[in-house]
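Some notes on the structure that comes next.
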Amino acid sequence: MRQPLVVGNWKMHGNAGGIRSLMAELIEAEGAFSGAEVGVCPPFVFLPMVTELCADLSIRVGAQNVSQHDNGAFTGEVSAAMLAELGAAYVLVGHSERREFFAESSETVAEKFLAAQAHGLTPVLCLGETLQQRERGETEKTVLAQLDTVLAAAGVEAFANSVLAYEPVWAIGTGKTASPEQAQQVHQILREHIAVKDPAVADALRILYGGSIKATNARALFSQPDIDGGLVGGASLEAGQFAAICASMEN
Ligand code: PEP
């Protein structure tokens, strides 16, 4: 049985006051999460504050990015060891905004995945096709190529301590959501691909859907057999929406 997981990606939004209010509202709603594991990924600078606010709660904290390097002269970067020291539980790797705006290749994503695991963090590996790739019928080829690069670097066993997030690029921040059937189809492809290498790892692997999830579409998406939760961007900045999304996740 896979424990449902909903992770909020706050991206580069917020300030200390706003995040305190958001957390206060979320903390109040925590009782309604009905068995889902819930995490939030604030910008780096707010990690200590949010980790402290979540200290006695079930809400876990993650980062949105990590360096592939352990330490050294990498100005502006943050290592997995630093994130672990701050108490982060997860880290997003391969988010399409990192791939697109920061030219992160799948090879770099694989290095980040390994760096995260080496320091006890759970990588949330994001995969997804652009609209052009979907229209050319290349969805499967695209997501499997992204996945295969990490599988080749880390081995299938490493996926026992990771989470996948299928995030069609055309659905991120656009208000366009993949239909539950479209999302389920890709989730099933991803799980079956892992299952060829290790059925037990595939069976236990949580695969989240991400892309314009809202309180109104979460339940239909989450009711699909291979969708184990969500990676939520915009809607995670509104406590009421995010709490309702978390509460839509049934065990
Ligand atoms: C995301 O950034 O991972 C995401 C899914 O964003 P949104 O929910 O805003 O589409």
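Note that ligands are numbered from 1 as they come in the structure, with each ligand's atoms numbered from 1 the same way. Remember, predicted model here, so these are calculated numbers, not experimental data.
For the pair Arg219 and Phe222, the cation-pi test (distance below 6.0 Å, angle within 45°) is failed.
Taking only non-hydrogen atoms, the option from Gly175, Gly234, Gly230, Ala235 nearest to atom 9 (O) of ligand 1 is Gly234.
Note: His187 and Tyr166 have perpendicular aromatic rings, judged against thresholds of 30 and 60 degrees for the angle between ring planes.
The distance from ligand 1 to the heavy atoms of Gly211 drops below 4.0 Å at these ligand atoms: 5 (C), 10 (O). Every atom of ligand 1 is numbered from 1 in the order shown, and the set under 4.0 Å from a heavy atom of Ala171 is 10 (O). Of all atoms in ligand 1, numbered sequentially from 1 with element shown, those under 4.0 Å from a heavy atom of Leu231 are 3 (O), 5 (C). Proximity to Lys11 (heavy-atom distance under 4.0 Å) selects the following atoms of ligand 1: 1 (C), 2 (O), 6 (O). When each atom of ligand 1 is checked for a heavy atom of Asn9 under 4.0 Å away, the hits are 1 (C), 2 (O), 3 (O).
Between Gly173 and ligand 1, at least one N/O pair is under 3.5 Å apart. On a distance-only criterion, Ser212 and ligand 1 share at least one N/O pair closer than 3.5 Å.
Atom CG of residue Asp228 and atom CD of residue Gln3 lie 11.0 Å apart, to the nearest 0.5 angstrom.
Classification of Lys197 and Asp148 as a salt-bridged pair fails, no side-chain N sitting under 4.0 Å from a carboxylate O. Using a 4.0 Å cut-off between charged nitrogen and carboxylate oxygen, Glu104 and Arg98 count as a salt-bridge pair.
When heavy-atom distances to ligand 1 are checked against a 4.0 Å cut-off, Ile172 comes that close through both its backbone and its side chain.
In this structure, the salt bridge (Lys or Arg N to Asp or Glu O under 4.0 Å) partners of Arg134, at least two apart in sequence or on a different chain, are Glu129.
In terms of protein heavy-atom proximity, atom 1 (C) of ligand 1 is nearest to His95 NE2, 3.2 Å. The nearest heavy-atom contact from the protein to atom 8 (O) of ligand 1 is Gly233 N, 2.8 Å. Among all protein heavy atoms, the one lying closest to atom 3 (O) of ligand 1 is Glu167 OE2, 2.7 Å.
Under a hydrophobic clustering in which Ile, Leu, Val, Met, Phe, Trp and Tyr are joined whenever their side-chain heavy atoms come within less than 4.5 Å, directly or via other members, Phe46 and Leu237 fall into the same cluster. Taken together through direct or relayed side-chain contacts under 4.5 Å among Ile, Leu, Val, Met, Phe, Trp and Tyr, Val6 and Ile227 form part of one hydrophobic cluster.
Distances from ligand 1 to the non-hydrogen atoms of Cys126 include no value under 4.0 Å.
No hydrogens or angles considered: a donor-acceptor pair under 3.5 Å links the side chains of Gln184 and Asp226.
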